[in-house]
Structures are given as C-alpha cells and as structure tokens.
Amino acid sequence: MRKYWLMKSELDVYPWEALVSEGRTHWDGVRNYQARNMMRDKMKKGDLVLFYHSNCKPPHIAGIAKIVRESYADFTSWDVKSKYFDPKSTPENPRWFMVDIEPLIKIDNIGLPDLRSNPLLEGMPLLKKGSRLSVQPVPEEYFSVICTISGINNFETL
DNA sequence: GCCAACGTTGGC
DNA sequence: GCCAACGTTGGC
C-alpha cells in the first residue's frame with residue numbers, strides 16, 4: 001500500500017523550483033531521530049510527498065514529489081565541511097539516512113492558514129500544536145483532500 | 001534513569 | 001525578534 005508524506009524545506013534554502021530544475025535530489029540533512037526512522041524504515045519507492053515550504057509568509061505546500069530511491073546513508077553526515085556533519089556518523093556505521101525524490105506536479109500554493117481553516121483537514125499531523133517534524137506522515141484522507149483542493153481528481157493514478 | 005539546562009524549529 | 005514546544009545533553 002502506497003503511503004503519503006510531507007517534507008519541509010525552507011523556502012530560501014531549497015525551494016520546489018530547485019527540485020524541478022535539478023530533476024531529482026537526495027534529501028540530506030535530516031538530523032532528528034523520529035524523522036530519520038520514518039525515512040529509513042517506512043518510506044518506499046513510489047510513495048508520494050507533499051513538498052512544504054517553511055520559514056516564509058505564509059508557509060505553504062508547493063508541490064507533490066515522489067520517492068524514487070529508498071533509504072541509504074546520508075553522506076553529508078561524515079563530511080567535515082558540511083553543515084550537517086556529525087562526528088558520530090561514519091561510512092562504516094552511518095547514523096543518518098536519506099531518500100531520493102523527484103518532482104511530480106507543482107500545485108497552486110496552499111498556505112498554512114488555508115490548511116488550518118479547512119475542517120476536512122482537522123487532525124492532520126502538520127496542523128497539530130507543536131508539530132515540528134521535518135518529515136512526517138500524511139494519512140491518505142488528508143492527502144486526498146489536498147489533491148481535491150488542487151484540482152487533482154484522481155490522485156491514485158499519480 | 002532522572003531532570004535541568006541548553007539548543008533548535010518554525011509559526012507568528 | 002519572540003517564544004512555545006519540543007529534542008538532546010550530561011551531571012548526578
């Protein structure tokens with residue numbers, strides 16, 4: 001069964017447009033164990049991802065991406081020059097993992113206020129108080145609602 | 001294994 | 001820039 005996710009990216013660090021122009025990217029830099037575990041253990045090829053822009057006004061969903069490679073070691077974690085360097089992670093014993101994604105479709109930006117004001121999205125993890133995870137699951141019912149808002153009527157075929 | 005201090009995220 | 005809500009660290 002295909003699953004659905006939401007991944008946050010700061011608008012001025014790595015926007016949707018960068019993903020589109022590169023055609024594919026590896027999702028490096030996740031340094032939270034909960035987020036890591038979901039990427040490492042749960043994300044499967046073909047799963048769909050809501051690409052979310054954080055740290056902007058308003059924060060918003062900008063597109064839908066697809067998982068094209070399952071979990072492998074995040075090599076930035078043992079790169080001393082990387083800002084994601086973690087001395088406890090080595091190639092022999094990696095602590096952090098990443099996946100590859102490809103852009104699928106741009107969706108018309110859906111702002112956080114729009115998400116909050118939609119009663120159909122009540123209970124969505126992103127909207128819960130104190131939700132900070134940069135990688136989080138999106139139950140299918142919510143994914144479906146967001147597709148409908150975006151004019152995508154048959155998201156099953158994406 | 002507890003918990004205080006500290007650091008980070010991210011909306012506002 | 002503020003600060004709530006976390007998560008992590010490290011002394012004990």
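Here is how names work: the chains are called A, B, and so on, in the same order as the sequence lines, proteins then strands, and each is numbered from 1.
Under the rule for a ring-ring contact (aromatic ring centres under 6.0 Å, His included), the partners of A:Phe75 that lie at least two apart in sequence or sit in another chain are A:His26. Contacts of A:Trp16 classified as ring-ring contact (aromatic ring centres under 6.0 Å, His included), with partners at least two apart in sequence or in another chain: A:Phe51. Applying the side chain to side chain contact (heavy atoms under 4.5 Å, CB included) test to A:Lys3 and every residue at least two apart in sequence or in another chain returns A:Trp5, A:Lys42, A:Lys44, A:Asp47.
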Under 3.5 Å, which donor-acceptor pairs do the side chains of residues 102-114 of chain A form with other protein atoms, sequence neighbours left out?
| from | atom 1 | to | atom 2 | distance (Å) |
| --- | --- | --- | --- | --- |
| A:Lys106 | NZ | A:Ala62 | O | 3.4 |
| A:Lys106 | NZ | A:Asn109 | OD1 | 3.0 |
| A:Asn109 | ND2 | A:His60 | NE2 | 3.4 |
| A:Asp114 | OD2 | A:Gly111 | N | 3.3 |

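For residues 111-149 of chain A, the pairs satisfying ring-ring contact (aromatic ring centres under 6.0 Å, His included) are A:Tyr4-A:Phe143, A:Phe143-A:Phe155, with sequence neighbours left out.
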Polar atom pairs (N or O), protein with nucleotides 5-12 of chain B, under 3.5 Å:
| from | atom 1 | to | atom 2 | distance (Å) |
| --- | --- | --- | --- | --- |
| B:dT8 | O2 | A:Arg132 | NH1 | 2.6 |
| B:dG10 | OP1 | A:Lys8 | NZ | 3.2 |
| B:dG10 | OP1 | A:Arg132 | O | 2.6 |
| B:dG11 | OP1 | A:Tyr52 | OH | 2.9 |
| B:dG11 | OP2 | A:Asn55 | N | 3.3 |
| B:dC12 | OP1 | A:Arg116 | NE | 3.4 |

